[in-house]
Amino acid sequence: MPELPEVETVRRGLAPRLVGVTLESVWTSGKPLRMNHPLDVRGLRRTLGEVAAVERRAKYLILTVAGRSIVVHLGMTGRLEIAPRAAEREPHTHVVWSLSSGADLRYVDVRRFGAVLCAADPAQLPEIELLGEDPLSRRFTPARLAELAAGRKRNAKTFLLDQTRVAGLGNIYVCEALHHARIHPEARVDRLDLSRITALHRAIQDVLRKAVANRGTTLRDYRDSSGQPGENQLTLQAYGREGEPCPRGDGQIRRVVIQGRSTFFCPACQRRS
DNA sequence: CCGGGCCTGCGG
DNA sequence: CCGCAGGCCCGG
């Protein structure tokens, strides 16, 4: 499910209900998550106490708790939600924290592609350390994007999905940003001139900011921390629109597979060079 | 780079 | 039954 805008929406929902609240105890389902990694139950038990901050780094949520951190990645179907303690647990609930506020914080993940990690210093986790530039940060400028793209003999789609360069985009927003910037998903990134890099930079930021304002894209599974779907699916220009007219010209949206992922683009307005 | 795998569910 | 799904990892 979740790319940067969805994770940011979850963060904004959680922060006011977690900061200053104490994680009193934790329960786990016993099932492994991403890559069959068992949950670190002892680490989670050591990471109880008052929540000082709820932050986001790319698609990761970072809860600072009593000087340590809980790091959550939602994979495809993960959800972090606040629920009344008395509410029945949904199937595929894998972690439940009891909060001093009387509610639960619950991690639910049908496909178990997500991760719940803990660490004394999250910056030292390889998952976090290896992340590239956050596209909504001040450091992400057209010049920075040009630097990241220089010398990379990869197509634009693959480049933008690579979390070690620009971190936070996934399949939907890569399709949308490339469409917005009129760049063909198979355009080689080291051959984009500065004006096209600048257009891409702007498209990435515009697409992500709009999606955050719309509280994320819900195609199927995504829900925020209150269980509410987002609204951004109503604004998608290319993703999921195979065969429909391009909203911006006389082309027709096509679907191809790049990097094993469905890729939607308009052959009329998105150019390779 | 590609293909496959992880896991479950849904829709054709 | 088959293909597909907002992510990521690994081996060849």
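Numbered from 1 within each chain, the chains take letters A, B, ... in sequence-line order.
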How is Y173(A) classified with respect to the nucleic acid when contacts are heavy atoms under 4.0 Å: base, sugar-phosphate, or nothing? nothing
Do any N or O atoms from the side chain of E133(A) and from the backbone of F140(A) form a donor-acceptor pair under 3.5 angstrom? no
note: L80(A), atom CG; dG6(C), atom P; distance rounded to Å ~ 21 Å
Taking only N and O in the side chain of S262(A), is any of them less than 4.0 Å away from OP1 or OP2 of dA5(C)? yes
Whole-Å distance, Y239(A) OH to dG7(C) P, equals 8 Å
Is any side-chain nitrogen or oxygen of R261(A) closer than 4.0 Å to OP1 or OP2 of dG6(C)? yes
Hey, does the side-chain of R112(A) have a donor or acceptor N/O within less than 3.5 Å of a partner on the base of dC7(B)? no
Would you call F113(A) stacked on dC6(B), i.e. ring centres under 5.5 Å apart with the planes less than 30° off parallel? yes
Between dG3(B) and dC4(C), how far is it from one P atom to the other, in whole Å? 13 Å
Within the structure shown, what part of the strands sits under 4.0 Å from N36(A) by heavy-atom distance: base, sugar-phosphate, or nothing? sugar-phosphate
Look at H73(A) and dG7(C) and indicate whether a side-chain polar atom (N or O) is within less than 4.0 Å of OP1 or OP2. no
Specify the separation, in whole Å, of atom CD of E3(A) and atom P of dC8(C). 9 Å
With Y107(A) as partner, the option from L39(A), T93(A), V96(A), L33(A) fulfilling side-chain contact (heavy atoms from CB on, under 4.5 Å) is L33(A)
Check the distance between dG7(C)'s C1' and Y60(A)'s OH and give it to me in whole angstrom. 9 Å
Give a yes/no on whether any side-chain N or O of H37(A) is located under 4.0 angstrom from OP1 or OP2 of dC6(B). no
Starting at the 5' end of DNA chain C, what dot-bracket string do you get if Watson-Crick and G-U pairs under 3.5 Å are bracketed, crossing pairs use [ ], other-strand pairs use | and unpaired bases use dots? |||||.||||||
Students often get this wrong, so: under 4.0 angstrom with heavy atoms, is R34(A) touching a base, only sugar-phosphate, or nothing? sugar-phosphate
Any salt bridge between R215(A) and D224(A), counting N to O under 4.0 Å? yes
If we ignore hydrogens and angles and just use 3.5 Å, is the side chain of T164(A) paired with the main-chain N or O of G132(A) as donor and acceptor? no
dG4(B), syn or anti by chi within 90 degrees of zero: anti
For residues D221(A) and T77(A), is any side-chain donor paired with an opposing acceptor at under 3.5 Å? no
Write out all pairs satisfying side chain to side chain donor-acceptor pair (under 3.5 Å) with one or both partners inside residues 38-48 of chain A, taking only residues at least two apart or from two chains. T47(A)-R68(A)
Will you find, in the side chains of S262(A) and R255(A), an N or O donor that is under 3.5 Å from an N or O acceptor? yes
Kindly point out which of dC2(B), dG6(C), dG9(B) is positioned nearest to the side chain of D221(A)? dG6(C)
Roughly how many Å is it from CD in E186(A) to P in dC2(B), rounded to a whole number? 9 Å
Which of the following nucleotides, dG9(B), dC8(C), dG6(C), is nearest to the side chain of T218(A)? dG6(C)
Side-chain N or O of K59(A) versus OP1/OP2 of dG7(C): is the shortest distance under 4.0 Å? yes
Using the C1' atom as the reference point in each nucleotide, state the distance between dC1(B) and dA5(C) in Å, no decimals. 23 Å
Suppose we screen for salt bridge (Lys or Arg N to Asp or Glu O under 4.0 Å). Which residues come up paired with R56(A), at least two apart in sequence or across chains? E8(A), D134(A)
Separation of dG6(C) P from R223(A) CZ (nearest whole Å): 16 Å
S100(A) side chain vs T22(A) backbone, donor-acceptor pair below 3.5 Å: yes
From dC10(C), dC1(B), dA5(C), pick the nucleotide closest to the side chain of M35(A)? dC10(C)
In whole Å, what is the span from the CG atom of D109(A) to the P atom of dG9(B)? 12 Å
Nearest to the N171(A) side chain among dT8(B), dG7(C), dC1(B), which nucleotide is it? dG7(C)
For K31(A) and K153(A), take the nucleotide of DNA chain B holding the closest heavy atom to each; which residue's nucleotide lies nearer the 5' end? K153(A)
Rounded to whole angstroms, how far apart are CD on E231(A) and P on dG6(C)? 20 Å
Check every strand shown and say whether G260(A) touches a base, only sugar-phosphate, or nothing at a heavy-atom separation below 4.0 Å. nothing
